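In what follows, a single structure is set out as structure tokens and then discussed.
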2 protein chains.
Amino acid sequence: MTDSTSTHDATSPLRVAVDIVVFTVADQDLKVLLIKRGIEPYKGAWALPGGFVLEDESVDDAARRELAEETSVEDIYLEQLYTFGEVDRDPRTRVVTVAYFALIDADSVEIHGGTDASQAAWHSMYSTPTLAFDHDTILGLALRRLRYKLEYAPVAFQLLPDEFTLSQLQATYEVILAQPLDKRNFRRKILGLDILRDTGRTRSDGPHRPARLFAFRQDRFEQATGGKVIFSF
Amino acid sequence: MTDSTSTHDATSPLRVAVDIVVFTVADQDLKVLLIKRGIEPYKGAWALPGGFVLEDESVDDAARRELAEETSVEDIYLEQLYTFGEVDRDPRTRVVTVAYFALIDADSVEIHGGTDASQAAWHSMYSTPTLAFDHDTILGLALRRLRYKLEYAPVAFQLLPDEFTLSQLQATYEVILAQPLDKRNFRRKILGLDILRDTGRTRSDGPHRPARLFAFRQDRFEQATGGKVIFSF
DNA sequence: TCAAAAGTGTTTCCCCTACACCCATGG
DNA sequence: CCATGGGTGTAGGGGAAACACTTTTGA
């Protein structure tokens with residue numbers, strides 16, 4: 001923003017980047033997408049996916065672009081997390097980064113790792129390596145925010161396929177919150193929100209009673225959030 | 001952040017700024033500090049105080065510096081709000097702005113307006129003029145955030161002097177939420193939080209019973225927030 | 001028929017809400 | 001003595017939490 005009173009018209013040689021915390025749930029575990037850096041600084045270390053904001057794209061668009069480059073999935077739940085602006089957070093140049101967090105369904109993604117000297121891989125959120133830059137801080141904040149939002153916003157559905165069972169949904173909550181939940185109370189609360197549609201279909205999963213398949217009602221979600229997926233509240 | 005896979009090493013000519021929504025409560029009203037712009041673009045329009053981030057300061061420090069330039073108050077409650085990064089939000093150059101919101105006690109502030117061609121003044125939050133840039137959006141988000149936080153975080157105390165009466169506190173809540181609150185329930189809830197200290201002193205305000213003066217217990221607040229005033233949660 | 005997950009109600013407790021009167025003081 | 005804001009308690013309702021058994025299927 002051009003300010004009015006004080007005039008600092010020195011062109012600040014700051015660079016603006018985005019970093020994205022991509023969460024998914026798989027194998028009964030909360031996973032985060034990390035990239036092994038192929039270049040300095042922190043070459044060889046794991047880091048969050050991200051990159052610089054280009055001149056002709058918004059910061060949100062930059063986040064979407066970087067995410068697409070790694071996952072090639074569209075319609076991803078993406079939300080701005082926090083902006084990190086310490087002077088020395090990048091050892092080379094001054095970089096201000098806008099962190100985002102994204103939620104995707106593990107089944108629908110195929111990550112694009114292995115190219116060049118870099119690799120992309122899912123890591124358990126509960127046993128991540130030490131990350132480059134201040135990415136450990138970012139990751140910690142993302143987890144807090146995810147847990148927080150889980151309790152008052154319908155975000156868990158973003159981590160599941162279009163049709164899912166209530167047990168799957170409960171397991172998603174349990175993995176993220178890292179605590180067991182009461183089955184009856186959970187079902188009562190979720191169904192009481194009136195944001196699920198019973199598809200009428202079931203899924204047989206093994207030697208036991210088949211489970212009903214539910215679908216998330218996007219219309220009610222948009223009604224609740226005002227259609228703004230990108231805002232915090 | 002320097003990214004790893006794709007290499008966009010074009011130096012992005014982005015500029016990074018901060019804008020600050022400074023709230024206070026006075027005259028039974030919620031006020032916001034606005035500045036009349038003395039230069040283009042939007043010369044003559046009202047805008048949020050702010051300015052560019054300097055090369056050798058963190059984004060948080062830039063916000064604190066700009067705030068100090070307008071108010072010369074230290075120990076201000078300051079929290080990052082959101083980052084706005086649309087391409088065309090500034091008609092001249094590409095500017096990404098990190099918005100903050102600040103809460104200060106009206107009695108302890110003396111705003112520094114009137115210098116140069118610019119003016120600074122308090123405006124009622126409920127009758128602001130149309131602002132420059134996307135500042136109306138920022139302001140709207142700030143109000144939502146303030147109301148939201150008011151209900152679960154001890155932020156109202158930041159708007160009051162060190163010692164205050166429960167009626168003052170209640171009036172603060174009522175002005176921000178724009179709705180009346182039940183006196184007995186309010187007192188029970190606040191005192192139940194165990195974050196107030198009864199100073200034992202009273203204040204006589206007119207022809208009626210004197211009110212007890214309370215003080216906010218900073219220690220408990222830090223305990224609740226982990227000392228991080230700058231983070232969202 | 002057995003193992004394994006799906007599905008279903010009731011009771012208890014606590015918090016939130018609604019609501020009206022006496023108290024202390026200055027003029 | 002009166003006007004003005006300060007200060008106090010209780011009853012009822014609603015939602016959250018604890019808790020165990022029956023159902024349906026595949027092997």
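Naming: A, B, ... by sequence-line order, numbering from 1 per chain. Values reported hereafter were calculated over all heavy atoms of this structure, with side chains retained and with hydrogens, waters and symmetry mates removed. What you see is a predicted model, and the numbers here were worked out from it, not measured in a lab.
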Within this structure, what is the CZ-to-P distance between A:F214 and C:dA6, rounded to whole angstrom? 12 Å

Measure the distance from CD1 on B:I190 to P on D:dT8 and round it to the nearest whole Å. 15 Å

Once side-chain contact (heavy atoms from CB on, under 4.5 Å) is applied, do any residues pair with B:D198, and if so which ones, sequence neighbours excluded? B:R212, B:F214

Rounded distance (Å) that lies between atom P of D:dG5 and atom CG of B:L213: 17 Å

Residue pairs passing the side-chain hydrogen bond (donor to acceptor under 3.5 Å, both in side chains) test where at least one lies in residues 184-193 of chain A, sequence neighbours excluded: A:S167-A:R187, A:D182-A:N185, A:N185-A:R188

Short heteroatom pairs, N/O only, protein and nucleotides 18-21 of chain C, under 3.5 Å:
unit_1: C:dA18; atom_1: N7; unit_2: B:N185; atom_2: ND2; d: 3.0
unit_1: C:dA18; atom_1: N6; unit_2: B:N185; atom_2: OD1; d: 3.2
unit_1: C:dA18; atom_1: N6; unit_2: B:R188; atom_2: NH2; d: 3.3
unit_1: C:dC19; atom_1: N3; unit_2: B:R184; atom_2: NH2; d: 3.3
unit_1: C:dC19; atom_1: N4; unit_2: B:D182; atom_2: OD2; d: 3.4
unit_1: C:dC19; atom_1: N4; unit_2: B:R184; atom_2: NE; d: 3.4
unit_1: C:dA20; atom_1: N1; unit_2: B:R184; atom_2: NH1; d: 3.2

Are A:Y77 and A:F157 close enough that their ring centres sit under 6.0 Å apart? no

Please list, by residue number, the residues of residues 160-171 of chain B whose heavy atoms come closer than 4.0 Å to an atom of DNA chain C; answer none if no residue qualifies. none

Quick one: list whatever passes ring-ring contact (aromatic ring centres under 6.0 Å, His included) with B:F23, sequence neighbours left out. none

Could you list the residues that satisfy side-chain contact (heavy atoms from CB on, under 4.5 Å) with A:D75, not counting sequence neighbours? none

Rounded to whole Å, the CZ-C1' distance (B:F186 to D:dG9) equals 18 Å

Considering residues at least two apart in sequence or located in another chain, which fulfil the ring-ring contact (aromatic ring centres under 6.0 Å, His included) criterion with A:W122? none

Separation of D:dG7 atom C1' from B:L191 atom CG, nearest Å, is 11 Å

Please work out if B:R187 contacts a base, only the sugar-phosphate, or nothing of the nucleic acid, heavy-atom cut-off 4.0 Å. base

Partners passing side chain to side chain donor-acceptor pair (under 3.5 Å) against B:T165 (at least two apart in sequence or in another chain): none

Contacts under 3.5 Å, N or O only, protein and nucleotides 24-27 of chain D:
unit_1: D:dT24; atom_1: O2; unit_2: A:R209; atom_2: N; d: 2.8
unit_1: D:dT25; atom_1: O2; unit_2: A:P207; atom_2: O; d: 3.3
unit_1: D:dT25; atom_1: O2; unit_2: A:H208; atom_2: N; d: 3.1

Thinking salt bridges, do A:R65 and A:E69 make one under a 4.0 Å N-O criterion? yes

Would you mind reading off the distance between A:K189 atom NZ and D:dA18 atom C1', rounded to a whole angstrom? 14 Å

Quick one: side chain to side chain donor-acceptor pair (under 3.5 Å) partners of A:S108, sequence neighbours excluded? none

Distance-only donor-acceptor hits, side chain of residues 201-210 of chain A, under 3.5 Å, sequence neighbours excluded:
unit_1: A:R201; atom_1: NH2; unit_2: A:E163; atom_2: OE1; d: 2.6
unit_1: A:R201; atom_1: NH2; unit_2: A:E163; atom_2: OE2; d: 3.1
unit_1: A:R203; atom_1: NH1; unit_2: A:Q168; atom_2: OE1; d: 3.1

Under the side-chain contact (heavy atoms from CB on, under 4.5 Å) test, which residues partner B:D27, sequence neighbours left out? B:K31

